[in-house]
Number of protein chains: 2
Amino acid sequence: MNELLDYFKKNISISLEIEDKLKEIIVEKNLVKGELILTNDSLKKEHIFVVSGCLRSFYETENAKEHTIQFAIKNWWISDYMTLYTDHKSVVSIESLTHSKVLIISNYKLEQFYKEFPDFEVFQRKNFEKRIAALQRRILNLLALSATEKYNQFIENYAEFEKIIPNYQIASFLGITPQSLSRIRKEKFKN
Amino acid sequence: MNELLDYFKKNISISLEIEDKLKEIIVEKNLVKGELILTNDSLKKEHIFVVSGCLRSFYETENAKEHTIQFAIKNWWISDYMTLYTDHKSVVSIESLTHSKVLIISNYKLEQFYKEFPDFEVFQRKNFEKRIAALQRRILNLLALSATEKYNQFIENYAEFEKIIPNYQIASFLGITPQSLSRIRKEKFKN
DNA sequence: TTAATTTATTACCATAGGTTAACTTTCACA
DNA sequence: TGTGAAAGTTAACCTATGGTAATAAATTAA
């Protein structure tokens, strides 16, 4: 709870009233390794803020192949934007990769919070801009880079993640098979 | 100009004062086919609203290969989010694919406009949410689909674009070569 | 600690899609 | 309206990555 407040306070000033309001709408939850917080097939519209640990959102195709949309650690938001803003059933699952602690806010309550606290609206709009930039960069990487290049970029940009996340999930984030990643790693670390 | 106002008015109510302010900060521009409105190498931070015609943002790699980030038609925004929110030089170019008319707003002025007109902030935040959902969907498609499947999705979702946009640019949007796309089209339309 | 399960590696073969290059069609504009 | 350039197609060949399967290593649970 306080972690989210700290995170906000780094960027905007928050009155006690707002603080109380926030505490009211936030649900704290501890997750064990492997626990699913959002399953595909659900209709839940909620935002998840990671206090500690590591989460992953992914999409499972008919042939049981997983595609990782996002990893999230401390101070990151993770949610299924595709169902958040449509009325379709979720196709995305979110799982905890470690023991973790998260804060959950329902989209409905968050919308109300925006209204009561316009500064947060501004803060969030700026967050979204940065996120759009990041997503566009990822798209460019997917379009332009070879498997090896994508992996190198990944360990450069997500050094903190690399130790926590199993390789087959990194592979599913990069759009390659675990076997391919193994091949790449063998080459990379052969000296 | 009025087109942007109409677009806003569909979603939010705008006072005459705000209307005047908008007219003040917007620059209207007509583009001929092939004209570059933003070149890589520039430091311009601006948002482009398409009134008519069709634009494309793309990234050019060292080996002169183009990768299309986005197409935009009437009532769409297009800009280089990666440089908009960093201090790096742009690596992205934006070109007009047809005769088009656009409205340009500098990012600085837009930030001021947000302050003076909080309703627009809300409107924009919601736009960004939808855009994030769309970008995540594109990432999923890039991760999960074969070249043929990506092309089929494209003509389904972007039917209006398909007639305007040359195939080699569609290929560069899907992350495949023009030759590959040709092969796919041959198969698809062979009956 | 051991057994069971999950993850990672390796090898071998298959293939989608890339590359090169020649040819055809379409388009812009002189 | 003709000509040169740009875009699209086709074919032959090639390569990076996928698929399958067997084994090894690591992690989890008992």
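As a basis for the values below, the full set of heavy atoms in this structure was taken, side chains included, without hydrogen atoms, waters or symmetry mates. Naming: A, B, ... by sequence-line order, numbering from 1 per chain.
Residues B/Y151 and B/R185 bring a donor and an acceptor atom of their side chains to less than 3.5 Å of each other. Defined by atom type and a distance below 3.5 Å, a donor-acceptor pair is present between the side-chain atoms of B/N127 and B/Q124. Using a 3.5 Å distance cut-off with no hydrogens or angles, the side chains of A/E149 and A/S146 do pair a donor with an acceptor.
For the pair B/R138 and B/F173, the cation sits on the ring face: its NZ or CZ lies under 6.0 Å from the ring centre, inside 45° of the axis. Because its NZ or CZ atom is not both nearer than 6.0 Å to the ring centre of A/F128 and within 45° of the ring axis, B/R131 does not count as a cation-pi partner of that residue.
A straight line from NZ of B/K188 to C1' of D/dG8 spans 18 Å, rounded to a whole angstrom. Following rounding to the nearest Å, A/E187 (CD) and C/dT10 (C1') show an atom-to-atom distance of 14 Å.
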Readout for nucleotides 24-30 of chain D: B = base within 4.0 Å of protein heavy atom, S = sugar-phosphate only, - = neither; 5' to 3' it is ----S--
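The end-to-end axis angle of the helix from C/dT1-D/dA30 to C/dA30-D/dT1, rounded to 10 degrees and based on five pairs per end, is 60°.
No donor-acceptor pair closer than 3.5 Å links the side chain of A/K21 to the backbone N or O of A/F113.
Counting non-hydrogen atoms of other residues, nucleotides and ligands closer than 6.0 Å to OH of B/Y158 gives a total of 12 or fewer.
Residues that satisfy the ring pair (Phe, Tyr, Trp, His ring centres under 6.0 Å) test with B/F58, not counting sequence neighbours, are absent from this structure. Residues satisfying the side-chain contact (heavy atoms from CB on, under 4.5 Å) criterion with A/N157, sequence neighbours excluded, are A/Q153.
In summary, B/K101 and B/E3 engage in a salt bridge, as defined by a charged side-chain N under 4.0 Å from a carboxylate O. Taking the charged nitrogens against the carboxylate oxygens, B/R125 and B/E129 do have a contact shorter than 4.0 Å, which makes a salt bridge.
Nearest approach of A/M82 to B/Q136, heavy atoms of both residues: SD-C, 4.1 Å.
Using a 4.0 Å cut-off on heavy atoms, the residues of residues 161-185 of chain B that approach DNA chain D are B/P166, B/N167, B/Y168, B/Q179, B/S182, B/R185, listed by number. Contacts between residues 135-150 of chain B and DNA chain C, defined by a heavy-atom separation below 4.0 Å, involve B/S146, B/A147, listed by number.
Each of A/F8, A/W77, A/W76 was compared with A/F49 under the ring-ring contact (aromatic ring centres under 6.0 Å, His included) criterion, and only A/W77 meets it.
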